[in-house]
Protein chains: 2
Amino acid sequence: MYTLDRSLIAGLPPFSGLSRPDLDVILEKARPLRVAAGQAVFEQDTEAPSFFLLLDGHVRVVKTTADGQQVIMRYISAGQLIGIATALGRTTYPATAIAAVDSLALAWPNEAWHELATLYPAFAANTFKTVSARMEEAHERVVELATALVDRRVAHALLRLIEQTGRRTEYGIEIGFPISRQDIADMTGTTLHTVSRLLTAWEHQGFVRSTRKRVTVVDGARLLDHVGRV
Amino acid sequence: MYTLDRSLIAGLPPFSGLSRPDLDVILEKARPLRVAAGQAVFEQDTEAPSFFLLLDGHVRVVKTTADGQQVIMRYISAGQLIGIATALGRTTYPATAIAAVDSLALAWPNEAWHELATLYPAFAANTFKTVSARMEEAHERVVELATALVDRRVAHALLRLIEQTGRRTEYGIEIGFPISRQDIADMTGTTLHTVSRLLTAWEHQGFVRSTRKRVTVVDGARLLDHVGRV
DNA sequence: CTGGTTATTTGCGGTGCAGCAAAGTCAGAG
DNA sequence: CTCTGACTTTGCTGCACCGCAAATAACCAG
């Protein structure tokens, strides 16, 4: 058993601008959901009955193509909404969400979204901002995939990850959850072999350090400069 | 001089669900803008004073990278909004918009968007739908760029274009505006040379026909099947 | 501690596609 | 009609990257 810390939730972006009583009404409708590492929060192309707020942990959102290839669309950290299919007018999830570590989420039934969106304009506005931001991120990724070489794409992916989830360590900034070479490859449209080769090369040059499922960026600026050359 | 055909505009997606008097108020605030083929409607990274509705013609939305490479994000056809930077909370345009043919647009000052969005909920909701749809398109493109080979990407691009703008002709369905090999390359992250080679190969096989800046898809189904094989 | 599973490294050969170069083709301006 | 610039085709060469294979290396359960 546990109790929700409402004051923590009140500060999260999806609910910014909402009054405390309003928030209580909203939280009333949610149920907590624990997800073990490696387990799915929801699966691509299945009926979408709920949307979620990640309270703790890290979740990767993965699209699988018809021929089985996987692409990691994004990593979700605590405080972010996920699986908001209903807000986009969909009835199925467009991707699978897998917990990268043991995670805790709140789940709302879809009906709640529509109630909340009409009752609390700030909530609808926040969702719109989120969707806008994700559209722009996706556009930037399209540009990068269409124009940049693999080393640049992988470097950018690492820098984005440490920006979103990085923790200071003795040697630099470490990505805040376990991530394999395969995962990084699935984020950047390459193979685990190529990622492995890049990481070892960069480790020799002192830009990064890595062990099994852990990556630390020692000097992000020099890494970016390194891959920047034509 | 010309007069707006309000009944035509009333049927366009961005304004669906709005009453005729409401629409008149909205149209009052717009000014017409003619753009010759090859001219920019707006330019990337410049101040965004207005948003636009394309009434006639075709416009391509292009992002240019720091090192000068171009990526065509989308083609806009008549009836679609464009340059809605302000709706996304931006003050500059994230891309350049170039008329592919002589085109006609309506331009509204940004202030109008915020007025309209608050006065007419249906307008805001339509915009949200548009942004959601573009986010999903962008996600699909990320997946395709990350997993599919060039021939598949080019084939898909052609099929999307004929779906959006195709006109029946004697031999098949022709893309509704002039488009060069370079343009197709900029849509799919490849080079004009590769596109040229693909088109000639496909022409020999009877899938497409093409002349200078014109592409006709003869048999889309067989083309897709052809590039689908591993 | 030990065996088994999962993740990583690294070499080698193959290939999809870019880049360069040059010729050919078409359209519009004058 | 012809000249000029824009577009397209096509061959050749090279390289970035993938795919396969096999050897470590790290973690986990019992």
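When reading the values below, keep in mind they use all heavy atoms of this one structure, side chains included, and skip hydrogens, waters and symmetry mates. Residue numbers begin at 1 in each chain, while the letters A, B, ... track the order of the sequences.
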Please report, rounded to the nearest Å, how far the [atom2] atom of [N] is from the [atom1] atom of [X].
X	N	atom1	atom2	value
A:R181	C:dT6	CZ	C1'	13 Å
B:D151	C:dC17	CG	P	6 Å
B:D186	D:dC7	CG	P	12 Å

### Query
Hey, is the main chain of B:S180 close enough, under 3.5 Å, to the side chain of B:D183 for a donor-acceptor pair?
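Yes, the answer is positive, given that a donor and an acceptor are paired below the 3.5 Å cut-off.
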Compare side-chain N and O positions of [X] against OP1 and OP2 of [N] and report whether any pair is under 4.0 Å apart.
X	N	value
B:T190	C:dC17	no
B:T191	C:dG19	no
A:S196	C:dT8	no
B:T194	C:dA18	yes

Compare the minimum distances between each of [options] and the side chain of [X], then state the nucleotide with the smallest one.
X	options	result
B:T200	C:dT10, D:dT10, C:dC17	D:dT10
A:L192	D:dC17, C:dT8, C:dA18	C:dT8
B:K213	D:dT8, D:dT9, D:dC17	D:dT8

Mind checking if B:G189 touches a base, just sugar-phosphate, or nothing, with heavy atoms under 4.0 Å?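 Result for B:G189 = sugar-phosphate.
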What nucleic acid atoms does A:L199 come within less than 4.0 Å of, heavy atoms only: base, sugar-phosphate, or nothing?
->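 Answer is nothing: A:L199 stays at 4.0 Å or more from every strand.
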When you measure from the centre of the six-membered ring of A:Y171, is the NZ or CZ of A:R209 under 6.0 Å away and within 45° of the axis?
->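 Pair A:R209/A:Y171 counts as cation-pi.
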State plainly whether the residues B:R74 and B:E137 are in salt-bridge range, i.e. N to O under 4.0 Å.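 The answer is yes: the pair qualifies as a salt bridge.
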Show your working on side chain to side chain donor-acceptor pair (under 3.5 Å) between B:T130 and B:T127 and close with a plain yes or no. CA-CA 5 Å; B:T130 299; B:T127 307; 5.9 Å; no
Under a 4.0 Å heavy-atom criterion, the protein footprint on nucleotides 20-30 of chain D, written with B, S and -, is BB---BBS---
* Quick one: are A:I175 and A:R214 in side-chain contact, heavy atoms under 4.5 Å? ->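 Of all side-chain heavy-atom pairs linking A:R214 with A:I175, none is under 4.5 Å.
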